[in-house]
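What follows is a set of notes on a single structure, which appears directly below.
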Amino acid sequence: MTETPSPKIDVKTKRFIGQIQGETPGPVLIFFGGIHGNEQAGVTALENVLKELGKGDFSYHGSLYAIKGNLPALSKGKRYLDKDLNRIWTKTEIERIQNSDYEHLLNEEKELLEIFILVQGILETEKGPFYFIDYHTTSSKTLPFITINDALINRRFSKLFPVPIILGIEEYLEGPLLSYINERGYVSLGFESGQHTEDASIKNSIAFTWLAMVYSGFLNKSNINDFKGYYGQLQNSAGNVSNFYEIVHRHALDDNSEFKMMAGFHSFEEVVEGTPIAIENEEFIEAEKDTIIFMPLYQEQGGEGFFLIRKLPFWVLALSAFLRRIRFGTLLHYLPGLSWANKEKESLMVNTRVATFFTRPFFHLLGYRNRIIDKTHFIMNNRELTAKNGMYRNTWWYRITTRKSI
């Protein structure tokens, strides 16, 4: 009987939490922990999983990279030192940082440059399919949940996990790491495992990692002794909630804001019209209608006071998927007030003085999310047009054709 080759696990002490090169071709998983330095749960979870993998007799298909994010901030337990590392991943910022004198870069700019070079190296040396997963926690109590840029490949892979899924974060945040990755067409998920200091946040991140390794095909389900236990951990923590939600409002903060959330709110809490949500500059902010609160801010650092979300019915998701599969959005530039914003035909320019009859939900159905240019124009970026669907077409989860495939 031939012995299974020992796993090629390379554990490093600085940027890499660990690295595994499988004996056979397969998916490439890239996990990030600690992009925010006060969110240690993801790092701890990845360390735990890599340790368990080192003890076991597993058969690996593909490669795995577990990467630490903001090293200086992690060492101090702060969200960031100079600027938010998860808000500077734009093409303009990356080019500026690449062309700057390294010694004059801020802490997070140096971190971005190192991570960028690392990711580029992985993309150039590996074949994929690629899966990028970024671990976070929140300052308030919350169910564990997934955030994704709204592309069908992200929806389909995310739906495998028994937790709520939040669409449209890219429309409200400038420069998250995963938005940059998703613009390049790869599956990319953010997993928020719970509150910063709760033990459950680590357990949820551990469970999510095991499931991600199985669902991507990196590990065989039969190799894991307690797969049902990991699934149950997430399912129970999420209260059996696995709906899709969409962000409808972001309450942004500036440097001069004196902001304080009212005590006791947690993500996914239903709030009735007129409920005081926060105090800003000595004035109450009240819910303007019945809504659901999401990621209320209970920490010193952060640019978002809170978000509001709404549950998406299945028929909306199904219609959206159908319209995208038939590429209905590619016809929009023929309509008045709409034109291609670039030669690659990945974005639409919308003139609101002409296209007054189009609403944001209409564009969302087709995969477009907006970025305001000026008072009368905004650009709609479409994740479907850049998604590398061909890379994932032969995966088992992509081929699912049941009603749950949305």
Verify whether one side chain among [X] and [Y] offers a donor that lies under 3.5 Å from an acceptor in the other.
{"X": "H136", "Y": "E192", "result": "no"}
{"X": "Y65", "Y": "Q21", "result": "yes"}
{"X": "E23", "Y": "H61", "result": "no"}
{"X": "R324", "Y": "S320", "result": "yes"}
{"X": "T209", "Y": "Y135", "result": "yes"}
{"X": "H364", "Y": "E246", "result": "yes"}
{"X": "H266", "Y": "T142", "result": "no"}

Less than 6.0 angstrom separating the ring centers of [X] and [Y], yes or no?
{"X": "F157", "Y": "Y398", "answer": "no"}
{"X": "F306", "Y": "F294", "answer": "no"}
{"X": "H249", "Y": "Y172", "answer": "no"}

F227 vs Y215 aromatic rings, parallel, tilted or perpendicular, using cut-offs 30° and 60°? perpendicular
Which residue in the set Q40, Q299, H36 passes side-chain hydrogen bond (donor to acceptor under 3.5 Å, both in side chains) when paired with H196? Q299
Which residues pass the side-chain contact (heavy atoms from CB on, under 4.5 Å) test with L105, sequence neighbours left out? I97, S100, Y102, E109, K110, L113
Would a 4.5 Å heavy-atom cut-off, applied to side chains only, mark L64 and V28 as touching? no
Any Lys/Arg nitrogen of [X] or [Y] sitting under 4.0 Å from an Asp/Glu carboxylate oxygen of the other?
{"X": "E384", "Y": "R325", "result": "no"}
{"X": "E304", "Y": "R87", "result": "yes"}
{"X": "R79", "Y": "E39", "result": "yes"}
{"X": "E111", "Y": "R15", "result": "yes"}

Stepwise, does the ring pair (Phe, Tyr, Trp, His ring centres under 6.0 Å) test hold for Y131 with Y186? CA-CA 7 Å; Y131 298 80; Y186 304 112; over 10 Å; no
